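These numbers come from a predicted model, not from an experiment.
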Amino acid sequence: MPEKKTIERARKAKKEGKRPTTQAGEFVREEMDHIREGKHGARSTKQAIAIGLSKARRAGVKLSPPRKGQASTRTRKQAQRDLARGRSGRKASPTRSAASRRALKREGTRAASRSAISRQSRMAAKKTVRN
């Protein structure tokens, strides 16, 4: 469940007319903070970002799923499910959430390091320049 201040920041961004990706950025930031605090870990920076985007979609941010060819079919379907969950307003099951947290606790915390995030953003920027 996202923190209240994260949801407020995202709402403020929406009110200011910012793009859904900017609104979702707040959730990604929260995820990075959680990893740094040691609440849980992630295998890679990409995974940490994906968790943040999923949280954003479930919180009601109108962030479209990735286009065909950008991500795997499984990822795109999960993004669609997250969007539907955000629209319905139904909360995630506590049992499932606890299981996810337990699994993430076994992961490392380097994914949220400054160098890892920097490396990820550089790679993403390179990709967008090529396409």
Is there a path of hydrophobic side-chain contacts, each under 4.5 Å between heavy atoms, that joins V61 and I51?
no

Please determine, by modelled atom types, if T75 and S72 share a side-chain donor-acceptor pair under 3.5 angstrom.
yes

May I ask you to decide whether E8 forms a salt bridge with R11, counting only side-chain N to carboxylate O separations under 4.0 Å?
no

Looking at R43, I'd like to know if its CZ atom is crowded, meaning that more than 12 non-hydrogen atoms belonging to other residues, nucleotides or ligands lie closer than 6.0 Å.
no

Without swapping roles, check the side chain of R57 against the backbone of L63 for a donor-acceptor pair under 3.5 Å.
yes

Any pair with a residue in residues 69-98 that passes salt bridge (charged side-chain N to carboxylate O under 4.0 Å, His left out), sequence neighbours left out, goes on the list, sorted by first then second residue, please.
R58-D82

Between K5 and E26, does any NZ, NE, NH1 or NH2 come within less than 4.0 Å of an OD or OE carboxylate oxygen?
no

Is E16 close to K12 at the side-chain level, that is, under 4.5 Å between some pair of heavy atoms?
yes

Counting distance only, does the side-chain N/O of E31 pair as donor-acceptor with the main-chain N or O of F27 below 3.5 Å?
no

Quick one: which residue pairs count as a salt bridge (charged side-chain N to carboxylate O under 4.0 Å, His left out) with a foot in residues 61-72, not counting sequence neighbours?
none

Tell me the closest heavy-atom pair linking A125 and T128, and the distance in Å.
O-OG1, 2.8 Å

A111 to A116 - nearest heavy-atom pair and separation
O-CB, 3.7 Å

Compare every heavy atom of A112 with every heavy atom of I117, then report the nearest pair and how far apart it is.
CD1-O, 3.5 Å

